[in-house]
Amino acid sequence: MNNFKNLRGTVDLLPDQLIKWQNVEKIILEQLFRSSVKEIRTPILEMTDLFLRGIGEGTDVVSKEMYTFLDRGKRSCTLRPEGTASVARALIQNGLLTKPFQKLWYMGPMFRYERPQAGRQRQFHQLGVEFIGYESVRSDIEIITLAWDILEKLGIKELNLEINTLGDHVDRSNFQKAFLKWLEVNKNSLDQDSQRRIDKNPLRILDTKNIKTKKILEDSPRLFDFLSEKSLDRYLTIKEKLKLLKIPFIENFNLVRGLDYYTHTAFEITSGLLGSQATVCGGGRYDNLINQMGGAEIPAIGFAIGLERLILLSGNELEKSRETDIYIVNKGSNAETLAMQLSRKLRNYNLITELDLSGSSFSKQLKKANKLKSRCIIVIGDIEALKNEFVIRLFINVNSKNQEETISFGDDIKLDNWLKKNLLSTVLP
RNA sequence: GCGGGCGUCGCCAAGUGGUUAAGGCAGCGGCUUGUGGCGCCGCUAUUCGGGGGUUCGAAUCCCCUCGCUCGCCCCA
């Protein structure tokens with residue numbers, strides 16, 4: 001096997017699969033459009049420092065999962081592992097932060113160097129939405145609602161929304177002090193992973209999956225008790241409004257999320273149907289990120305949806321695509337020229353037209369049309385070409401020969417009427 | 001980075017030491033060189049992920065390697 005292969009953790013998306021992708025993307029884009037969210041596109045490649053500063057050096061993403069390399073100018077570059085840092089950078093750099101409020105989305109590939117498994121790849125795709133400049137509690141609700149509605153529009157069932165609050169940076173550092181103190185005392189009872197995290201990223205210990213550690217953590221100080229009145233009030237309001245909007249959620253005080261920049265609201269939407277990589281959507285507030293990266297103090301909140309996981313969850317009704325409307329069977333040089341002209345004309349209708357380019361026998365071409373489940377065929381051979389006409393026939397079943405019509409080239413009215421009567425009335429939008 | 005499972009045609013597979021590597025689907029050609037379905041006939045792996053070894057003989061046994069996959073960690 002000397003052939004080339006794709007790199008581990010990357011996949012080819014093939015035509016049949018892309019039907020589903022396109023349908024999913026269409027529904028997403030429509031919902032974003034209706035929600036007044038605008039698109040932004042940033043480079044896939046960025047300076048490594050952007051992510052070190054933005055995401056945080058202690059995070060797993062930065063410390064062990066980045067695709068980083070030196071370019072020819074010896075600059076350290078990284079294929080983006082997520083989108084938020086890039087968006088923040090772009091807004092600062094392009095002076096867009098003078099606009100007080102912006103709702104933005106992006107969609108595209110992200111890269112993380114990990115061992116692939118079900119629902120996890122090294123190159124994967126995310127839809128990200130960021131509400132920039134929004135501080136109000138309502139913006140938290142609105143963005144959670146948006147994420148929820150997108151998933152709902154796609155018909156995805158069995159979702160769990162988990163929410164938590166991380167407080168502001170003051171709350172968090174107060175808590176962290178108390179927590180670190182507690183950790184020192186209880187260090188030896190923790191599992192190895194958690195012990196390692198004490199120095200690197202203590203908050204993440206809260207999210208451990210180790211059952212023993214979980215048990216021990218029950219007696220640890222809780223971030224919730226360190227929330228300022230304002231932070232607490234914010235959190236309670238969110239819960240209350242979500243209830244009013246009838247969006248079901250569960251509280252998860254251990255939901256910390258992997259990136260350093262989050263403050264206040266953190267949320268995740270998971271599905272039991274995904275196996276061990278259950279998170280479809282993760283998001284939260286990041287009021288300090290833009291400032292940390294050199295911009296003004298601008299609050300923001302966002303989420304990201306993993307498209308591969310979304311596709312796994314989406315129903316197979318989205319795999320269906322429209323079939324061919326008209327298959328043009330043609331043979332002989334004059335006929336072929338006429339067929340080309342005709343196919344161009346037909347494409348001005350909202351019809352899927354396939355011009356046979358094989359030059360093979362009528363029988364072969366008909367078989368192909370049948371295989372494609374074409375709703376209608378046009379036949380142009382030497383005989384038709386000589387008379388400057390073509391035959392158009394409904395192709396629904398073998399016996400539909402009687403529903404055929406001969407039309408002269410140039411008789412656009414007759415063609416138009418035939419199409420309206422037989423095809424256009426049932427064409428999907 | 002650490003564990004488990006698996007690699008036979010484009011896909012699904014049988015074969016588990018003896019000289020032809022089943023079968024199905026898909027594909028291609030024909031029956032039918034200007035008319036679809038069905039059917040029938042034919043073609044499609046000098047080779048079993050790759051390399052080395054054991055053996056008279058290997059897809060089948062051993063070693064190494066590569067890849068895939070599932071899980072841990074973590075995340076989308």
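A, B, ... follow the sequence lines: proteins, then strands. Residue 1 opens every chain. Any value given below was found using the heavy atoms of this structure, including those in side chains, with hydrogens, waters and symmetry copies removed.
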Let's go through A:I132 and A:F101 carefully: what are the C-alpha distance in whole Å and the side-chain angles of both, what is the deciding distance for side chain to side chain contact (heavy atoms under 4.5 Å, CB included) to 0.1 Å, and is it a yes or a no?
CA-CA 6 Å; A:I132 310 290; A:F101 300 110; over 6 Å; no
Determine the contact category for [X]: base if any of its heavy atoms lies under 4.0 Å from a base atom, sugar-phosphate if only primed atoms, P, OP1 or OP2 are that close, otherwise nothing.
X      : result
A:I377 : nothing
A:A118 : sugar-phosphate
A:E384 : base
A:Q365 : nothing
A:G381 : base
A:V379 : base
A:G332 : nothing

Minimum heavy-atom distance between A:P221 and A:A178, given as atom pair plus value:
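Closest approach of A:P221 to A:A178: CG-O, 3.9 Å.
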Could you give the distance separating [M] and [N] at their [atom1] atoms, to the nearest angstrom?
N     : M     : atom1 : result
B:G27 : B:G18 : P     : 36 Å
B:U60 : B:U8  : P     : 13 Å
B:C11 : B:A45 : P     : 15 Å
B:G42 : B:C6  : P     : 37 Å
B:G67 : B:U35 : C1'   : 48 Å
B:A21 : B:U16 : P     : 14 Å
B:U47 : B:A58 : P     : 14 Å
B:C9  : B:G24 : C1'   : 13 Å

For side chain to side chain contact (heavy atoms under 4.5 Å, CB included), just list the numbers for A:C77 and A:M47, CA-CA rounded to whole Å, side-chain angles, deciding distance to a tenth of an Å, and then say yes or no.
CA-CA 5 Å; A:C77 304; A:M47 291 169 64; over 6 Å; no
So, the side chain of [X] versus the backbone of [Y]: is there a donor-acceptor pair under 3.5 Å, distance only?
X      : Y      : value
A:D287 : A:P299 : no
A:D168 : A:D171 : yes
A:R120 : A:E114 : no

Of the nucleotides [options], which has the atom closest to the [X] side chain?
X      : options             : value
A:S363 : B:G34, B:A76, B:C73 : B:G34
A:R115 : B:G36, B:C2, B:A76  : B:C2
A:S361 : B:A76, B:U33, B:C70 : B:U33
A:R393 : B:U35, B:G37, B:C73 : B:U35
A:D382 : B:G37, B:G34, B:C70 : B:G34
A:K5   : B:G71, B:G67, B:G34 : B:G67

After noting the C-alpha distance and the side-chain angles of A:T84 and A:E130, does the key distance pass the side-chain hydrogen bond (donor to acceptor under 3.5 Å, both in side chains) rule?
CA-CA 8 Å; A:T84 305; A:E130 318 284 357; 2.8 Å; yes
Between A:R120 and A:G9, which residue's closest nucleotide on RNA chain B lies nearer the 5′ terminus?
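Its nearest nucleotide being more 5', the pick is A:G9.
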Between [X] ([atom1]) and [N] ([atom2]), how many Å, whole number?
X      : N     : atom1 : atom2 : value
A:R8   : B:C70 : CZ    : P     : 12 Å
A:N6   : B:C66 : CG    : P     : 17 Å
A:L151 : B:A76 : CG    : C1'   : 12 Å

Between A:T165 and A:R285, is a side-chain hydrogen bond (donor to acceptor under 3.5 Å, both in side chains) present by the stated rule, with each step listed?
CA-CA 9 Å; A:T165 179; A:R285 177 161 283 285; over 6 Å; no
Protein and nucleotides 27-31 of chain B: nitrogen or oxygen contacts under 3.5 angstrom:
from  : atom 1 : to     : atom 2 : distance (Å)
B:G27 : OP1    : A:K371 : NZ     : 2.8
B:G27 : OP2    : A:K371 : NZ     : 3.4
B:G30 : OP2    : A:K364 : NZ     : 2.6

Quick check on A:F253: does its CZ atom have over 12 non-hydrogen neighbours (other residues, nucleotides or ligands) under 6.0 Å away?
yes
Find the partner of B:C68: check Watson-Crick (N1-N3 plus N6-O4 or O6-N4) and G-U wobble (N1-O2, O6-N3) distances, both under 3.5 Å, and reply none if neither fits.
B:G5
Could you tell me which nucleotide pairs with B:C38 by Watson-Crick or G-U wobble geometry, both distances under 3.5 Å, or answer none if nothing does?
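The base-pairing partner of B:C38, which may sit in any strand shown, does not exist here.
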Quick one: salt bridge (charged side-chain N to carboxylate O under 4.0 Å, His left out) partners of A:E46, sequence neighbours excluded?
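Listed in chain order: A:R89.
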Axial cation check for A:F111 ring with A:R80, 6.0 Å and 45° limits:
no
Using heavy atoms and a sub-4.0 Å distance, could you list which residues of residues 32-40 of chain A are near RNA chain B? By number, please.
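The stretch gives none, as no residue of it lies under 4.0 Å from the strand.
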Confirm from the modelled atom types if A:E114 and B:A76 form a donor-acceptor pair under 3.5 Å, side chain to base only.
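Yes, a donor-acceptor pair under 3.5 Å.
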Would the A:Y327 and A:F395 ring centres measure less than 6.0 Å apart?
no
